[in-house]
Amino acid sequence: MENKQVANDTASSLTGRAGGESTLASKYSPAEVEGKWYQYWLDNKLFSSKPDGREPYTVVIPPPNVTGVLHMGHVLNETIQDILVRHARMEGKNACWVPGTDHASIATEAKVVNRLAEQGIKKADLTREEFLKHAWAWTEEHGGIILKQLRKLGCSCDWDRTAFTMDGPRSESVIKVFVDLYRKGLIYRGVRMVNWDPKALTALSDEEVIYKEEHTKLYYMKYYLADLEAPLSSSEGDTYAPSAANNGIEAPSGAVEGASMEGNIIHKDDRGYYAVVATTRPETIMGDVAMCINPKDPKNQWLKGRKVIVPVVGRVIPVIEDEYVDIEFGTGCLKVTPAHDVNDYMLGEKYNLEAIDIFNDDATLSERIATAQQKSLAETKVADEFIIRLDKYVGMERFACRKQIAEDMTAAGLMEKIEDYDNKIGCSERTGVPIEPKLSMQWFLKMQHFADIALDPVMNDDIQFYPAKYKNTYRHWLENIKDWCISRQLWWGHRIPAWYISPLPTSPRGGDYPWGKVIVAENEAEAYKLALETYPVLKTLEAPSGAVGEGATSFTLRQDEDALDTWFSSWLWPISLFDGIRNPGNEEISYYYPTADLVTGPDIIFFWVARMIMAGYEYEKKMPFRHVYFTGIVRDKLGRKMSKSLGNSPDPLDLIDRFGADGVRMGMMLSAPAGNDILFDESLCEQGRNFNNKIWNAFRLVKGWQVAEGEQPEAAKLATGWFAAKLRIAAEELADDFSKYRLSEALMTVYKLFWDEFSSWYLEMIKPAYVDGKQQPIDRATYDSTLQFFEILLKMMHPFMPFITEELWQALYERQPGESIMRAELHMEASTDYDRQLCAAVDELKEIVTNVRAVRSQKNIAPKEKLTLEVVDATDLRPLPEGGVEALKKMANLETVNVVSEKSKGSASFLIGTAEYAVPLGSLIDLDAERQKLESELQRLEGFLASIQKKLANERFVQNAPAAVVEMERKKQADAEQKIASIRETLASM
RNA sequence: GUCGGCAUAGCUCAGCUGGUUAGAGUAUCACCUUGACAUGGUGGGGGUCCUUGGUUCGAGUCCAAGUGUCGACACCA
């Protein structure tokens with residue numbers, strides 16, 4: 001409490017200060033500053049955007065799940081967006097960052113179901129309306145927490161535009177699009193094999209299935225020949241090839257004519273001949289309707305045309321032949337279960353096989369298995385030894401059943417063997433449970449049309465991907481596109497706008513009436529109208545008493561129960577946010593669309609990115625965004641994915657408390673090279689916080705100075721000229737980094753610019769001296785320049801660190817109410833050749849200073865002790881820029897800088913380029929150490945020279961290399977020779 | 001299995017169309033409680049640029065093969 005009071009005073013005393021003595025705390029305290037400025041930005045509507053004459057810069061947020069909480073992945077993603085948005089805003093663009101949340105159909109519904117379960121309520125006991133009431137309550141309770149958290153991070157979203165994928169305008173847009181696509185013939189309904197999530201009880205799209213490696217078993221089961229009368233071979237043994245060489249062991253009689261018995265692998269035991277089928281899912285034998293072999297499989301020729309008995313079940317099934325079967329896998333015998341495997345389904349279609357669905361929706365065993373068994377046993381006589389009554393499995397969970405049936409089969413002698421097997425199992429992305437392929441009636445979107453319109457713009461870089469490698473992934477998906485299953489057996493989501501025409505109890509039945517026909521329309525009234533138009537026969541029916549409205553007739557409409565896949569709303573996001581679906585061509589969509597940059601993870605390139613591109617071209621005839629920046633996955637510093645179970649995922653809000661939002665943002669960006677995974681390390685946030693502190697203290701220094709009118713010192717004149725040049729050059733580097741989305745490099749550029757160039761060099765060069773323990777005032781010109789530089793630096797840093805830069809920007813000069821660094825534009829002049837020369841000259845000065853400091857360090861000379869510097873063998877000080885001598889004296893703490901023809905005895909010398917400098921050390925000199933140092937330098941130079949000479953001695957180099965390169969080598973040679981001579985001379989004189 | 005990315009200092013990464021004996025940040029070591037900042041200052045050490053071959057006057061950079069690693073996609077009854 002007390003602490004806070006002090007800090008508040010600090011903050012308020014800061015604002016409006018114009019010079020004078022500093023009472024600022026020596027440590028920057030972000031907690032006292034960040035909330036204040038965020039509120040200020042909100043109060044002054046600084047995030048808000050309206051269409052105007054400026055160039056728009058639009059970003060739509062990848063909407064986080066409405067009930068989600070902020071995690072490190074969000075921090076990365078949103079920080080990048082905020083940096084881009086703030087940068088664009090400061091370029092003078094009309095930046096608009098639209099926030100919002102996603103209803104996340106399946107995830108949210110699962111959460112609501114769980115919560116209801118905790119209260120002892122089952123979803124099945126609720127009506128749709130009741131359930132939705134709970135879901136909305138949950139959404140309102142937890143919804144938007146994440147948006148609040150984004151404010152802590154400093155995100156400059158236009159909050160007035162906050163949208164939700166299930167709010168009014170977005171929902172209407174979704175429905176409109178569904179109807180439109182249906183009418184275009186791109187949406188259809190049909191029974192297909194889909195990915196069924198038995199926990200969520202819904203179908204999923206192919207993209208929602210993730211494959212997991214698992215250690216399972218491969219079960220080898222015996223399928224006995226149904227022709228029990230076939231004569232057994234006279235020989236013993238399980239496996240043999242009945243060739244002449246094998247003592248004429250006979251194959252079972254009745255083989256298909258012409259089938260070669262050569263190389264067959266035949267099994268038999270005392271029950272008879274059998275085929276072996278390998279499967280990972282023995283429980284699915286209950287749905288077996290055929291066995292399939294490859295007609296070209298030499299080891300299974302003997303099975304051609306036969307019938308086999310499904311073990312346990314006792315059903316007699318045919319052996320069919322199809323080249324789909326892999327001869328090499330298992331035994332080459334495939335059991336065909338059309339209801340429970342995608343490929344088997346295809347075989348079933350091809351050979352007109354029955355599909356026996358053995359599971360209930362929750363993947364427990366259905367009663368149907370028992371009924372089917374009874375039916376087939378009634379048709380065929382199968383000995384009891386092959387059969388187990390299936391009643392015992394009814395209601396059993398699928399994995400329990402698998403275990404049980406394997407045990408039972410082993411006990412009954414129906415199992416040949418069981419092997420360990422590594423398998424990849426398709427699991428639900430959301431619930432994690434293994435997917436059950438299931439035949440069901442679903443809605444699909446035809447994708448070929450969309451793939452056709454969405455491929456080229458990415459491949460020819462109308463839409464640019466960063467990094468570009470994801471173009472390949474994108475192309476691969478589009479070139480192998482499959483139809484999109486868009487219906488979900490869920491309630492939380494956009495309900496499919498399809499109605500089925502149903503008779504009333506009083507309605508006549510019969511072929512003329514369209515009972516069960518589907519009508520797709522935006523709402524029920526429309527559907528009603530459309531039904532009557534489409535099926536005029538409905539008009540002939542008498543309206544029951546009490547029916548109202550024109551054309552009211554004796555039928556009813558029953559709406560489809562299913563909801564749409566969440567992504568069916570997300571794919572419209574860049575359009576629906578500006579109401580482009582409901583109001584095509586409105587002012588907002590015309591102005592803000594296409595958006596500029598999309599920042600998202602590569603994991604949703606198909607779910608979302610590709611589909612937005614499709615919708616964009618379908619509905620706006622234009623790309624939805626110009627650039628896509630794919631972030632990496634945030635991992636811990638050991639490279640592991642962040643996960644709750646590992647406990648290696650820090651809470652972003654906790655990090656913000658400890659390091660400040662600016663510090664966390666910086667920590668994140670320091671480790672975030674575009675496109676690579678991010679190895680997040682808390683110590684980077686610490687580095688960020690330290691940088692904030694550095695900025696803060698530089699500010700304390702500058703604002704603590706007394707200003708006096710007076711001559712500008714030579715050193716300061718040089719420093720201000722140099723730093724102005726440095727800023728111009730840095731601005732160009734920054735612009736280049738931004739244009740390539742190299743944000744961590746841009747950050748590193750400003751980091752070094754501020755810390756090294758500004759704080760360590762510039763401020764030290766201009767800092768007024770202390771005389772008699774009192775700091776001297778600074779001259780007006782230098783002070784003014786310094787404040788200007790500081791302001792430019794703050795602007796450059798603002799996108800990365802919005803809070804501290806606002807705090808200091810406000811305090812740097814007198815500001816008007818409502819003004820903000822956010823809206824302060826940063827326009828820099830182009831750098832010149834002169835700038836570069838000046839920087840090179842100052843770099844040389846810096847090198848001299850560094851060398852003198854090194855001499856001090858090596859000789860243990862206190863920084864306070866003044867030294868002399870000799871410029872050896874020069875006629876004057878011309879190599880140094882104007883003011884350079886003064887700057888040198890100040891930075892290296894030199895008494896004098898002398899031009900000498902020969903350096904003093906007992907001095908430490910060094911070379912900068914070809915110029916030699918010496919620091920006389922008198923008795924402090926350690927000649928041996930000095931000699932050693934020079935000799936190692938000499939050795940290095942000689943090696944260097946040798947390599948150059950070798951190059952130049954090579955005729956082909958001199959002939960083939962560009963003249964400029966050869967010239968450069970010659971210069972290097974001359975320089976090296978000169979340096980060597982100079983060192984030799986020194987050594988000789990020692 | 002197919003395709004793609006990556007491999008450079010202890011760590012994380014730059015290094016662009018080949019052309020100084022390879023750079024940054026961080027870590028580390030030594031020294032420094034100076035008057036903005038010890039969340040600091042100054043200085044130092046640290047590399048077989050994964051391996052092998054090739055192209056070239058010249059390769060961290062281009063090509064090929066291999067190894068390791070990460071990812072996408074496909075199949076696996």
Side-chain angles (χ1 to χ4, degrees), chain A residues 22 24 26-28 211 218-219 277-281 284 292 324-326 328-337 341 343-344 421-424 467 469-474 476-477 480 602-603 605-606 633 637 639 659 663 670-671 673 675-679 681 683-684 686-705 740 742 744-745 748 751-752 759-760 763-764 767 770 773-775 850-851 853-858 860 862-864 940-941 943-944 946-948 951-952 954-962 964-966 968-969 971-972 975-976:
Chain A
S22 170
L24 301 180
S26 69
K27 283 181 174 43
Y28 173 60
Y211 289 87
L218 192 57
Y219 301 86
V277 173
T279 182
T280 53
R281 303 199 60 191
T284 60
C292 191
Y324 161 73
V325 178
D326 179 1
E328 301 305 318
F329 189 91
T331 58
C333 295
L334 170 73
K335 64 196 241 6
V336 182
T337 319
D341 183 279
N343 297 306
D344 291 11
Y421 185 66
D422 287 333
N423 200 7
K424 269 188 204 150
K469 65 177 175 182
Y470 289 111
K471 281 165 74 176
N472 275 331
T473 312
Y474 182 83
H476 185 266
W477 188 66
N480 297 280
D603 49 332
I605 187 166
F606 310 136
I633 295 167
K637 63 179 166 186
F659 303 109
L670 277 175
S671 56
N676 284 347
D677 281 359
I678 285 90
L679 301 191
D681 186 345
S683 69
L684 291 168
E686 203 175 319
Q687 197 185 341
R689 181 200 59 188
N690 294 354
F691 185 44
N692 282 341
N693 203 54
K694 186 74 186 178
I695 301 168
W696 175 258
N697 277 293
F699 183 83
R700 280 176 68 212
L701 172 70
V702 171
K703 287 304 257 186
W705 284 331
K740 293 172 181 151
R742 295 161 70 138
S744 24
E745 290 189 26
M748 193 43 76
Y751 178 79
K752 286 192 279 194
S759 299
S760 298
L763 288 180
E764 294 300 331
K767 203 167 166 177
Y770 272 81
K774 255 195 87 184
Q775 189 176 46
T850 302
N851 272 282
R853 283 172 180 168
V855 169
R856 274 184 204 279
S857 179
Q858 280 150 21
N860 258 320
K864 273 185 175 168
R940 192 189 67 82
L941 278 169
F944 180 53
S947 80
I948 294 167
K951 222 185 257 190
L952 285 169
N954 184 338
E955 273 178 40
R956 284 177 302 177
F957 170 72
V958 179
Q959 276 168 16
N960 295 331
V965 173
V966 178
M968 181 82 80
E969 291 300 315
K971 184 169 187 315
K972 271 152 58 180
D975 286 357

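Reminder, nothing fancy here: chain letters follow the sequence lines and each chain counts from 1. Since we're looking at a predicted model, the values are computed, not measured.
- Distances from the side chain of Lys694(A) to the nucleotides rG40(B), rC57(B), rC76(B) place rG40(B) closest.
- Listed nucleotides rC16(B), rA38(B), rA36(B) differ in distance to Lys27(A); the shortest reach to its side chain belongs to rA38(B).
- Note that CD1 of Ile605(A) is 9.5 Å distant from CH2 of Trp477(A), once rounded to the nearest 0.5 Å.
- Taking atom C1' in both rU69(B) and rC50(B), the straight-line distance is 11 Å, to the nearest Å.
- Counting any heavy atom pair closer than 4.0 Å across all strands shown, Arg940(A) reaches a base atom.
- rG35(B) atom C1' lies 16 Å from atom CG of Leu24(A), rounded to whole Å.
- The side chain of Thr280(A) has rA77(B) as its nearest neighbour among rG40(B), rA77(B), rC37(B).
- When each of Phe606(A) and Leu763(A) is assigned the nucleotide of RNA chain B bearing its nearest heavy atom, the one mapping closer to the 5' terminus is Leu763(A).
- For Phe329(A), taking side-chain heavy atoms from C-beta onward, the closest of the listed nucleotides rC16(B), rC76(B), rU39(B) is rC76(B).
- rA59(B) makes up no base pair with any nucleotide shown, lacking Watson-Crick or G-U wobble contacts both under 3.5 Å.
- A donor-acceptor pair shorter than 3.5 Å cannot be found between the side chains of Asn692(A) and Arg689(A).
- For the C1' atom pair drawn from rG19(B) and rU56(B), the interatomic distance equals 12 Å after rounding to whole Å.
- How far CG of Asp344(A) is from CG of Leu334(A): 5.5 Å, rounded to the nearest 0.5 Å.
- In this structure, rA38(B) makes no Watson-Crick or G-U wobble pair, since no nucleotide meets both defining distances under 3.5 angstrom.
- Atom OH of Tyr28(A) and atom C1' of rG40(B) are 19 Å apart (whole Å).
- In this structure, the nucleotide among rC57(B), rA77(B), rA36(B) sitting nearest to the side chain of Ser759(A) is rA36(B).
- One donor-acceptor pair, N or O on each side, does fall under 3.5 Å between the base of rA36(B) and the side chain of Glu764(A).
- To the nearest 0.5 Å, atoms OG (Ser760(A)) and CG (Leu763(A)) are separated by 8.5 Å.
- Taking the six-membered ring where tryptophan is involved, the planes of Trp696(A) and Tyr28(A) are tilted, since the angle between them lies from 30° to 60°.
- Gly330(A) comes within contact range of no nucleotide atom at all, as no heavy-atom separation falls under 4.0 Å.
- Within 4.0 Å (heavy atoms only), Ala854(A) reaches sugar-phosphate atoms of the nucleic acid but no base atom.
- Between Tyr470(A) atom OH and rC73(B) atom P the separation is 12 Å, expressed in whole Å.
- Per the geometry, CD belonging to Gln775(A) stands 11 Å off P belonging to rC37(B), to the nearest Å.
- In the set rG25(B), rC57(B), rA77(B), the nucleotide with an atom closest to the side chain of Met748(A) is rG25(B).
- Across all strands shown, rG44(B) is found opposite rU28(B) as a Watson-Crick or G-U wobble partner, with both distances under 3.5 Å.
- Checking rA77(B), rG5(B), rU39(B) against the side-chain heavy atoms of Arg689(A) singles out rU39(B) as nearest.
- If you check rU2(B) for Watson-Crick or wobble pairing at under 3.5 angstrom, you find it paired to rA72(B).
- With rA36(B), rA77(B), rG43(B) as the choices, the nucleotide that has an atom nearest any side-chain atom of Arg700(A) turns out to be rA36(B).
- OP1 or OP2 of rC75(B) has not a single side-chain nitrogen or oxygen of Asn423(A) nearer than 4.0 Å.
- Base-pair partner of rA77(B): not found among the strands shown (Watson-Crick or G-U wobble, both distances under 3.5 Å).
- Nucleic acid contact class of Tyr474(A) (heavy atoms, under 4.0 Å, all strands): none.
- Within a 6.0 Å sphere centred on CE of Met968(A), other residues, nucleotides and ligands contribute 12 heavy atoms or fewer.
- Each of rU39(B), rG5(B), rC76(B) was ranked by its minimum atom distance to the side chain of Asn343(A); first place goes to rC76(B).
- Within the nucleic acid shown, Pro962(A) comes within 4.0 Å of at least one base atom, counting heavy atoms only.
- Between rG46(B) and rU61(B), the distance separating the two P atoms is 24 Å to the nearest Å.
- Rounded to the nearest 0.5 angstrom, Lys424(A) NZ and Thr280(A) OG1 are separated by 14.0 Å.
- Taking both residues in full, the closest heavy atoms of Gly330(A) and Ala278(A) are given as CA-CB, 4.3 Å, listed atom of the first, atom of the second, then distance.
- Between the side chain of Lys424(A) and the base of rC76(B), no donor-acceptor pair under 3.5 Å is found.
- When heavy atoms are screened at a 4.0 angstrom cut-off, Cys333(A) is found touching base atoms of the nucleic acid.
- At the heavy-atom level, Tyr324(A) lies under 4.0 Å from the strands shown only through sugar-phosphate atoms.
- For the pair Lys740(A) NZ and rA14(B) P, the interatomic distance rounds to 14 Å; values are reported in whole Å.
- Residue order along RNA chain B, read from the 5' end via each residue's closest nucleotide, puts Glu745(A) first among Thr850(A) and Glu745(A).
- Using a 4.0 Å heavy-atom distance criterion, Asn954(A) is classed as a sugar-phosphate-only contact.
- Across all strands, Tyr751(A) comes closer than 4.0 Å only to sugar-phosphate atoms, never to a base (heavy-atom distances).
- Contact check, Asn697(A) against rA36(B): no side-chain N or O comes under 4.0 Å of OP1 or OP2.
- Between rA36(B) and Tyr770(A), a contact under 4.0 Å exists linking OP1 or OP2 to a side-chain N or O.
- If you measure from atom CZ of Arg281(A) to atom P of rC76(B), you get 13 Å, rounded to the nearest angstrom.
- Gln687(A) contributes atom CD, which lies 10.0 Å from atom OG of Ser671(A) (distance to the nearest 0.5 angstrom).
- To the nearest angstrom, C1' of rG58(B) lies 7 Å from CZ of Phe957(A).
- At a threshold of 4.0 angstrom between heavy atoms, the contacts of Gln858(A) with the nucleic acid are absent.
- Taking a pair to require two hydrogen-bonding distances under 3.5 Å in either a Watson-Crick or a G-U wobble arrangement, rA64(B) pairs with rU52(B).
- Rounded to the nearest 0.5 Å, atoms NZ (Lys335(A)) and OG1 (Thr279(A)) are 4.5 Å apart.
- If you check rA14(B) for Watson-Crick or wobble pairing at under 3.5 angstrom, you find it has no partner at all.
- Nucleic acid contact class of Val277(A) (heavy atoms, under 4.0 Å, all strands): none.
- Nucleic acid contact class of Asp344(A) (heavy atoms, under 4.0 Å, all strands): none.
- Backbone-only contact: Leu679(A) has heavy atoms under 4.0 Å from sugar-phosphate atoms and none from a base.
- Nucleic acid contact for Lys752(A): sugar-phosphate only, since backbone atoms but no base atoms lie under 4.0 Å from a heavy atom of the residue.
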